[in-house]
Protein chains: 2
Amino acid sequence: MALQTITQDALVESLFEIIRCHGYEGTTIALLSDITGLKKSSLYHRFPAGKDDMVKAVVLYVSAQLQQLIIAPLLERQVAPEERFSKMLVTVKAFYGGGNKNCLLNVLSLGEAKDDIKTLLKQDYAAWFAALSALAQDAVLTQTEAEVRAEQFLIAVQGALVVQRLTENPPTFDNCMAYAQKQFFKSSDG
Amino acid sequence: MALQTITQDALVESLFEIIRCHGYEGTTIALLSDITGLKKSSLYHRFPAGKDDMVKAVVLYVSAQLQQLIIAPLLERQVAPEERFSKMLVTVKAFYGGGNKNCLLNVLSLGEAKDDIKTLLKQDYAAWFAALSALAQDAVLTQTEAEVRAEQFLIAVQGALVVQRLTENPPTFDNCMAYAQKQFFKSSDG
DNA sequence: ATTATTATACCGAACGTTCGGTACAGTGAC
DNA sequence: GTCACTGTACCGAACGTTCGGTATAATAAT
């Protein structure tokens, strides 16, 4: 068997960084070729179904990352809820490059990606939401209140990413995350 | 002057709806032609500098709308702050179609639009932020606290739009706005 | 050990299509 | 007739995609 010049994982990681930055329409095969070092025809060897195939691979990769690095730790019930949340925030900050990198969920739900891809994105959101809601319920809260907190947090994540990209003001995301943590665990509504 | 088949304002309004929906790369001249009913040559007659010219016109149109419908009412100091905010929320909900329409600031800051366009977007955000901050200061708050509230609200707007687009769950945006209003005027932090 | 065969990985060149943009001839109100 | 506007035809470039072919590595038979 011939040697791969780049592993599939590293390749998908590269595609991910390009797509999250340029969006669906903004990502051209030529650009992918330039950055990965693989020629266009080679990319089609790895992903026979073309661009949508590449995007799908990226989404599945991100789903796995989300599950492994964010959701699973959120559900470790032997750890205190606050600590689980804190560890998630560390991961999240790194994942979004301190707010300087876009969220694939935002980027791809804007573009004209295929329906099955949008379904995957929706599932990713739902999984994260469910894990946060479960965590909030571990921390005393009722189910309905827990769901509100979970949604509010995810809204804060997406909103802070948009605002920081817009203003190019780096501390926005980190500040917002710190504030969101306080809100998530506060005892009652003010 | 020969008769225009469509007024410039109505034309720009059409372009706006297409661009906010499809993004910069996703918006093609052919699509603009199809939806506006004007042939390409007519579009280029109206906007000699081409696509960027059209996008710029849309951004300037939105800037004017923002200034007139959102920012100016926010600064009417003879009206009570809570009422000003409430009226803004009505306008905002309509502007974003109850959360079903995208924000141009998000859409265009993602795409590879020209720098001067991104500068305009940044100014729009800053103007809205400043007006909200001034409003919050009218309602007792300190300047730093007012700026936090303003940013939190704008983050909520952008985040709720992303999340609702992602989940296709309509009440998300309106619910979030109602919650954001309470947060904006609450007395002290919890 | 040598050979033939198969499978994988990659590339250069070209495909048909669509992109944004242009040139120019009509058309209709003044 | 003039001039603002619109329609048809067209352009080069870039798009996503396909194809023919090469190089290397594993496999099987001799």
Side-chain angles (χ1 to χ4, degrees), chain A residues 1-59 107-108 110-118, chain B residues 1-59 107-108 110-118:
Chain A
M1 215 188 306
L3 287 176
Q4 287 184 151
T5 52
I6 179 176
T7 68
Q8 192 76 357
D9 278 3
L11 179 54
V12 172
E13 172 71 35
S14 285
L15 300 183
F16 168 49
E17 291 299 333
I18 302 170
I19 291 174
R20 86 189 316 197
C21 176
H22 294 91
Y24 185 81
E25 285 75 18
T27 298
T28 68
I29 307 294
L31 182 62
L32 295 176
S33 171
D34 284 349
I35 296 190
T36 62
L38 284 184
K39 297 298 177 182
K40 288 206 265 183
S41 40
S42 301
L43 287 173
Y44 273 85
H45 176 70
R46 303 279 193 112
F47 306 98
K51 190 176 185 180
D52 287 337
D53 213 357
M54 304 178 203
V55 172
K56 198 167 188 174
V58 165
V59 173
V107 165
L108 287 184
L110 264 172
E112 342 256 311
K114 299 288 173 296
D115 276 352
D116 61 328
I117 286 177
K118 299 207 174 180
Chain B
M1 216 192 315
L3 283 180
Q4 289 184 150
T5 51
I6 181 175
T7 68
Q8 191 75 358
D9 278 3
L11 178 55
V12 172
E13 171 71 34
S14 285
L15 300 182
F16 168 48
E17 290 300 332
I18 302 170
I19 291 174
R20 83 186 323 193
C21 177
H22 294 91
Y24 184 81
E25 285 80 13
T27 298
T28 68
I29 307 293
L31 182 63
L32 295 175
S33 173
D34 284 349
I35 295 189
T36 62
L38 288 184
K39 298 295 179 182
K40 282 208 285 182
S41 50
S42 303
L43 287 173
Y44 275 88
H45 176 72
R46 306 275 192 115
F47 306 98
K51 189 178 185 179
D52 287 337
D53 212 356
M54 304 178 204
V55 173
K56 197 167 187 174
V58 165
V59 173
V107 165
L108 287 184
L110 263 173
E112 341 257 309
K114 300 288 174 296
D115 276 352
D116 62 328
I117 287 178
K118 298 207 174 181

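Per chain, numbering begins at 1; letters A, B, ... match sequence-line order.
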Between the side chain of [X] and the main-chain N/O of [Y], is any donor-acceptor distance below 3.5 Å?
X: Thr27(A); Y: Gly23(A); value: yes
X: Thr36(B); Y: Leu32(B); value: yes
X: Glu112(A); Y: Glu25(A); value: no
X: His22(B); Y: Ile18(B); value: yes

Whole angstrom is fine here: how far is it from [atom1] in [X] over to [atom2] in [N]?
X: Leu31(B); N: dT18(C); atom1: CG; atom2: P; result: 14 Å
X: Lys114(A); N: dG16(D); atom1: NZ; atom2: P; result: 12 Å
X: Glu25(B); N: dA14(D); atom1: CD; atom2: C1'; result: 14 Å
X: Tyr24(A); N: dG16(D); atom1: OH; atom2: P; result: 9 Å
X: Gln8(B); N: dA4(D); atom1: CD; atom2: C1'; result: 13 Å
X: Ile29(B); N: dT17(C); atom1: CD1; atom2: P; result: 21 Å

Members of residues 34-58 of chain A that approach DNA chain D, where some heavy atom sits under 4.0 Å away: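 By residue number: Lys40(A), Ser41(A), Tyr44(A), Gly50(A), Lys51(A).
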Straight-line distance of Glu13(A) CD to Ile6(A) CD1, nearest 0.5 Å: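 Rounded to the nearest 0.5 Å, the CD-CD1 separation comes out at 10.0 Å.
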Asp116(B)/Lys56(B) ion pair, N-O < 4.0 Å: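 Looking at Lys56(B) together with Asp116(B), the answer is yes, because their closest N to O distance falls below 4.0 Å.
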Whether Thr5(A) contacts dC10(C) is assessed here as follows: a side-chain N or O lying under 4.0 Å from the phosphate OP1 or OP2. Is that the case?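 For dC10(C), OP1 or OP2 has a side-chain N or O of Thr5(A) closer than 4.0 Å.
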Taking any heavy-atom pair under 4.0 Å as a contact, classify Ser33(B): base, sugar-phosphate, or nothing.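 Contact class for Ser33(B): none.
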